[in-house]
Amino acid sequence: MTMVEVSNTAQTLGWMAQIQIDGEGTRWGDTAATFQMENAAAILEATDDKAVRQFFVPGTRGARKTTDVAALCLTLLEKQAPAYAKGFFIASDEDQASEIAEIAAEMIARTPGLRDLFTTTGTKITHIRTGASFVALANDPSAMGKRPWFIIADELSNWPESKASRKFWTAMTTAIEKVPGCRLVVLTNAGSPAHWAYKRYEKAGTSKYWRVLEIPAPLPWHDEELLERQRENCQTEAEFRRLFWNEWTDEDSRLTTVEQIRDCITTRPRPCAPRPGVRYVAGLDVGWVNDATVLTVAHLEPRAQRLLREGDWLPVGDGSASPRVADELAQALLYTVVVDQIRVWKGTKKQPVDLTLVELTAVDIAQQYGATLIFDPREMVGAEQRARRRVPTEAFHFSPSSKAVLATTMIRLFREQALDLPDDEDLVDELVHVNVVENSTGMVRLDHDPGRHDDRAISLALAAQHLLAGTRVEERLAKERVHYTSLGWRGRTSPQVQRAAELRHRLGMPPVTRQERRPAWR
């Protein structure tokens with residue numbers, strides 16, 4: 001293969017600057033910002049095998065990424081591509097992959113002289129003299145056999161999270177060593193940190209084999225009025241931050257974030273050995289074919305030191321707790337839910353989960369920990385009676401109201417960082433794709449992204465909800481017989497004062513007498 005002589009980068013960039021990008025005769029170089037020039041130059045210069053040849057280009061909506069790369073492709077074909085070299089536009093679907101080719105075809109039609117250099121179809125651009133080309137490609141099963149000279153991956157954060165998409169990505173990106181000097185450019189808006197594209201972005205930021213060409217946000221041509229208009233057009237604030245501020249943020253409906261989950265992960269060795277005097281609960285979520293069956297064993301540990309941070313509790317004039325702060329503290333979780341172990345059974349259509357094996361194993365594990373086994377008896381008919389002979393059991397019937405309890409429990413646990421989780425990639429990957437969905441009556445429930453699962457989340461929620469059910473403020477007050485009354489009008493008990501008094505009791509402070517407390521209206 002005879003290499004075409006590579007021109008000086010400045011001359012090559014000058015040729016690219018002459019390409020007309022619209023019907024009014026505007027040339028690419030007339031409107032290109034400094035970052036656009038620098039990014040194009042960096043990619044054009046990387047012709048040596050020893051140079052960094054993989055580029056991750058995250059940018060906001062409206063950053064002209066597609067226009068820039070279309071002009072870049074024509075420049076590469078004219079100035080750098082060897083004879084019969086193959087370049088590919090890869091994307092999640094054919095329409096997206098073809099978009100760059102279509103814009104390049106429009107540039108060829110508008111720019112004098114380019115029609116004599118290139119031929120185009122809907123999905124392909126070919127240099128007439130050298131036979132080098134760029135072709136649009138989407139989820140091609142034959143991708144493993146491709147020998148690319150240049151690869152442009154478009155909108156990676158919007159690719160499906162299917163096995164087919166990941167396989168296609170791997171097939172194309174691992175082919176860069178087949179042809180000397182092959183380069184890879186990834187174009188994308190910022191997306192959700194839960195998406196696998198975010199892991200590639202993080203890896204690119206630390207790898208010596210990648211270079212991140214971050215497009216600044218907001219863009220120089222985006223004024224405040226435009227941004228406010230676009231904020232109204234977006235469905236959620238998270239969507240706006242991703243599209244126009246280039247921030248990798250979760251959907252507003254996400255149960256939790258990657259950062260919150262990582263904050264909950266500890267180095268505690270798993271599975272944890274059972275300890276005497278500790279109350280354990282085992283939550284069992286049953287799935288046969290599409291869903292997995294998951295057993296989660298957990299227990300509670302006090303978190304008073306974490307709860308009573310500096311500034312959380314402040315005394316007022318008479319020495320009592322501030323009612324507002326005390327109210328917030330009294331409703332906060334006083335315990336951390338510690339996950340001792342997670343057991344997963346996965347089935348297929350040909351070989352569904354063996355529920356008999358699940359039942360025997362779950363009962364054995366529950367007996368080992370002395371745990372109460374929580375599950376929906378409708379999912380394992382007859383199992384409750386058999387299990388009850390060996391371990392304590394409690395039925396959990398899934399209904400709109402009970403699902404709402406599970407969802408609110410998980411929301412509180414992540415919001416207050418009251419979880420102690422194992423370092424389990426499958427658990428993290430599942431939790432970041434769990435959403436909180438509200439129905440027409442205002443009740444919430446846990447759900448998952450299409451093609452994903454929430455079995456581990458439900459199993460954990462079953463165990464956590466049962467553990468925390470006996471730790472509510474009102475139940476503790478009744479159990480400890482801490483009763484205080486307010487001098488509020490009509491002599492009714494004030495929940496705020498009651499919670500403030502309970503907080504004082506928990507801190508070992510003396511109760512406030514009726515004489516020391518002043519009526520609210522004074």
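When the salt bridge (charged side-chain N to carboxylate O under 4.0 Å, His left out) test is applied to R378, the partners found at least two apart in sequence or on another chain are D376. By the ring pair (Phe, Tyr, Trp, His ring centres under 6.0 Å) test, F396 pairs with F398, sequence neighbours left out. The salt bridge (charged side-chain N to carboxylate O under 4.0 Å, His left out) check on K146 picks up D140, with sequence neighbours excluded. For A273, the side-chain contact (heavy atoms from CB on, under 4.5 Å) criterion is met by no residue, not counting sequence neighbours. For H299, the ring pair (Phe, Tyr, Trp, His ring centres under 6.0 Å) criterion is met by Y280, not counting sequence neighbours. Partners of W169 according to the ring pair (Phe, Tyr, Trp, His ring centres under 6.0 Å) rule, which considers only residues two or more places apart in sequence or in another chain, are W196. Residues meeting the ring pair (Phe, Tyr, Trp, His ring centres under 6.0 Å) test with F35, sequence neighbours left out: none. Listed by chain and number, the residues in a side-chain contact (heavy atoms from CB on, under 4.5 Å) with R61 are N189, L243, F244 (sequence neighbours excluded). Scanning for side-chain contact (heavy atoms from CB on, under 4.5 Å) contacts around T206 gives an empty result, with sequence neighbours left out.
Remark: the backbone N or O of R229 is not paired with any side-chain donor or acceptor of E232 at under 3.5 angstrom. Side chain of S207 to main chain of K203: no donor-acceptor pair is present (N/O by atom type, distance under 3.5 Å, no hydrogens or angles). Judged purely by atom type and a 3.5 angstrom limit, E430 uses its side chain to pair as donor or acceptor with the backbone of A457. Between the T336 side chain and the V338 main chain, no donor and acceptor come within less than 3.5 Å of each other. Proximity of a side-chain donor or acceptor of S402 to a complementary backbone N or O of H397 within less than 3.5 Å is detected. Side-chain N or O atoms of D285 include none that pairs as donor or acceptor with a backbone N or O of T293 at under 3.5 Å. Between the H195 side chain and the A197 main chain, a donor and an acceptor come within less than 3.5 Å of each other. Proximity of a side-chain donor or acceptor of S459 to a complementary backbone N or O of T296 within less than 3.5 Å is detected. Without hydrogens or angle criteria, D449 side chain to R452 main chain gives no donor-acceptor distance under 3.5 Å.
Between R262 and D423 there is no salt bridge, since no side-chain N of the basic residue sits under 4.0 Å from a carboxylate O of the acidic one.
Applying the salt bridge (Lys or Arg N to Asp or Glu O under 4.0 Å) definition to pairs two or more places apart or across chains, those involving residues 265-274 are R268-E301, R268-D420, R270-D420. For residues 238-247, the side-chain hydrogen bond (donor to acceptor under 3.5 Å, both in side chains) pairs, not counting sequence neighbours, are E214-N246, R241-E247, R242-E251. For residues 358-369, the salt bridge (Lys or Arg N to Asp or Glu O under 4.0 Å) pairs, not counting sequence neighbours, are E359-R386, D364-R390.
Around atom CD of E224, no more than 12 heavy atoms belonging to other residues, nucleotides or ligands sit under 6.0 Å away. Other residues, nucleotides and ligands contribute over 12 non-hydrogen atoms within 6.0 Å of the CD atom of Q96.
The shortest side-chain heavy-atom distance between F56 and L213 does not fall under the 4.5 Å cut-off. With a 4.5 Å cut-off on side-chain heavy atoms, K346 and V344 count as touching. A heavy-atom distance below 4.5 Å is found between the side chains of L295 and L373. In this structure, T173 and L184 have side chains that are in contact, with non-hydrogen atoms separated by less than 4.5 Å.
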Q.
Determine whether D447 and R445 satisfy the following criterion, salt bridge (charged side-chain N to carboxylate O under 4.0 Å, His left out), listing intermediate values before the conclusion.
A. CA-CA 6 Å; D447 200 358; R445 61 180 175 83; 3.5 Å; yes
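Partner of W345 under the side chain to side chain contact (heavy atoms under 4.5 Å, CB included) criterion, out of D354, V358, L355, V294: V358 alone.
With 3.5 Å as the limit, one finds a donor-acceptor pair spanning the side chains of E161 and H433.
Aromatic ring centroids of W248 and Y201 lie under 6.0 Å apart.
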